[in-house]
Amino acid sequence: MTVTLGYGAQPRAAYAVDPNLTRDRLFPEASSPTRTPFQRDRDRIIHSTAFRRLKHKTQVFVYHEGDHFRTRLTHTIEVSQIARSLARALRLDEDLAECLALAHDLGHTPFGHEGEDVMHECMQGHGGFDHNAQSLRIVTDLERRYAQFDGLNLSWETLEGLVKHNGPITDRAGNAVGKLAKNGIPFAIQEYAKRQDLMLWSWPSAEAQVAAIADDIAYDAHDLDDGLRAGLLSFDAMHEVPLLDEILTEVDTLHPGLEDGRRIHEMVRRCITRMVEDVISESIRRLELLAPSRVDEIRFADHAVVSFSSDMAKKEKALKAFLFQNLYRHPDVLEVRKKVAQVTRDLFDLYMKKPIKMPEPWSEGLAGMDSTYIARRVCDFIAGMTDRYAIDEHRRLFDDTPDLR
């Protein structure tokens, strides 16, 4: 297999998803005369309300901490750029890979992973909460813009990739597998599976696998960038991490005495490049061994075809562990996380006791409904909030709102 990196267009591989052979949409629609199905899906995602709200949702740092830190939206854009680059190199459908990258975080709550953890706690006994499943719920139900249907009516391949981008969800018998084995299949996925078979037991397309690993590469690199610029990480600590040690040594050898801002950027860009090139090399090796002649052979494989090499996987795992310990568990970050957890929990508890406190239409039609139905409505409402709106709502409803500054 010969792969040319750069700007030249390469023929689509036999194992790539072909937009001309899509399994269509849940609600049939006339095809677009100017766009492929996946370009159309991408445009619907970009124009959605949920996508716009990402600009005011936390990645690591809450919005008021600085204009230059990543938000959930800028993270998403970085993921889509990396996904397109990987898809181009592997001769996949770039539009589908981009589409999945743009949609992958639509279901995130305000306040990053702390908000998600609190929401999952609050939803115990009501089906739990999972941001990936919430993304599916948004694009199949909660976005209500079109006259003919709820949701965005995305193509089968986009929904499949969105739900399974991290791998199979069930075995052939329908039992949850992997990380979901403990808590079971998330509510939104269970509900949608009654309407359309997304082959939850199989691997997703290579395009979906590209979007998933692009997510890892993007947040490893930009959380490192933001942590250094925020002063929560130090250059000296970089030498504890094999990948960062070799990169920083290279930068300092080539550019001794470089100012901090440029030094950070040189580190981050090399980090992305090394991981991207490793994924391309390892994925080509795996594809050559599997020799798939159609996309279903990717789905029916017993392993991912898009992956880091074993050596890079170890280095990337060490980098994640470093960020977890030194950035995500930094006392300054933990202090803010404690405060936003209170905001999220307070809102959930109050709305459950007094659903009428939610604005219309969220508060409508709840009379006589059981607690699980109400909890899901409350969950959908809070999960859709931006950081700023959640804080404003808390100030409106409570006398004492934590100061996040």
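Because only heavy atoms are used, hydrogens play no part in the values below, and waters and symmetry mates are left out as well, while side chains stay in.
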Would R262 and E266 pass as an ion pair if we require N to O under 4.0 Å? no
Less than 4.5 Å apart, any side-chain heavy atom of P186 and any of Q190? no
Heavy-atom pair with the smallest gap, counting every atom of P355 and I374: CG-CG2, 4.0 Å
My understanding is that only residues two or more places apart in sequence, or in another chain, count here; which of them pass ring-ring contact (aromatic ring centres under 6.0 Å, His included) with F381? Y351, W362
Who pairs with H131 by ring-ring contact (aromatic ring centres under 6.0 Å, His included), at least two apart in sequence or on another chain? H108
Does E246 come within less than 4.0 Å of R274, counting only side-chain N to carboxylate O? yes
Would you call R40-E29 a salt bridge at under 4.0 Å N-O? yes
Would R376 and F187 count as a cation-pi pair here, with the cationic atom under 6.0 angstrom from the ring centre and within 45° of the axis? yes
Using a 6.0 Å distance limit plus a 45 degree cone around the ring axis, check whether R299 lies over the aromatic ring of W203. no
Is the shortest side-chain N to carboxylate O distance from D278 to K315 below 4.0 Å? no
Hey, are D215 and H75 close enough side-chain-wise for a donor-acceptor pair under 3.5 Å? yes
Check this for me, if you would: do R337 and D117 make a salt bridge, where the nitrogen-to-carboxylate-oxygen distance has to be below 4.0 angstrom? yes
Hey, is D392 close enough to R396 for a salt bridge, meaning N to O under 4.0 Å? no
Taking every heavy atom of G125 against every heavy atom of T372, the minimum-distance pair comes out as O-OG1, 3.9 Å
What's the shortest heavy-atom distance between L86 and V210, and which atoms? CB-CG1, 3.7 Å
Answer yes when R345 and E121 have at least one side-chain N-carboxylate O distance shorter than 4.0 Å, and no when they do not. yes
With a 3.5 Å distance limit and no angle check, can you tell me whether E143 reaches the backbone of A50 through a side-chain donor-acceptor pair? yes
Is the shortest side-chain N to carboxylate O distance from R44 to D41 below 4.0 Å? no
May I ask you to establish whether R263 and F235 are in a cation-pi arrangement, using a distance under 6.0 Å from NZ or CZ to the six-membered ring centre and at most 45° from the ring axis? yes
Would E116 and H120 count as having a side-chain donor-acceptor pair, cut-off 3.5 Å? no
Looking at D105 and K57, is any side-chain nitrogen of the basic one under 4.0 Å from a carboxylate oxygen of the acidic one? no
Checking E207, E98, E94 against R88 for salt bridge (Lys or Arg N to Asp or Glu O under 4.0 Å), the one that qualifies is E94
Tell me, please, whether F149 has R25 positioned over its six-membered ring: NZ or CZ under 6.0 Å from the ring centre and within 45 degrees of its axis? no
Using a strict cut-off of less than 4.0 Å between a Lys/Arg side-chain nitrogen and an Asp/Glu carboxylate oxygen, indicate whether R285 and E288 qualify as a salt bridge. no
Whether F324 and Y328 hold their rings parallel, tilted or perpendicular, with breakpoints at 30° and 60°: perpendicular
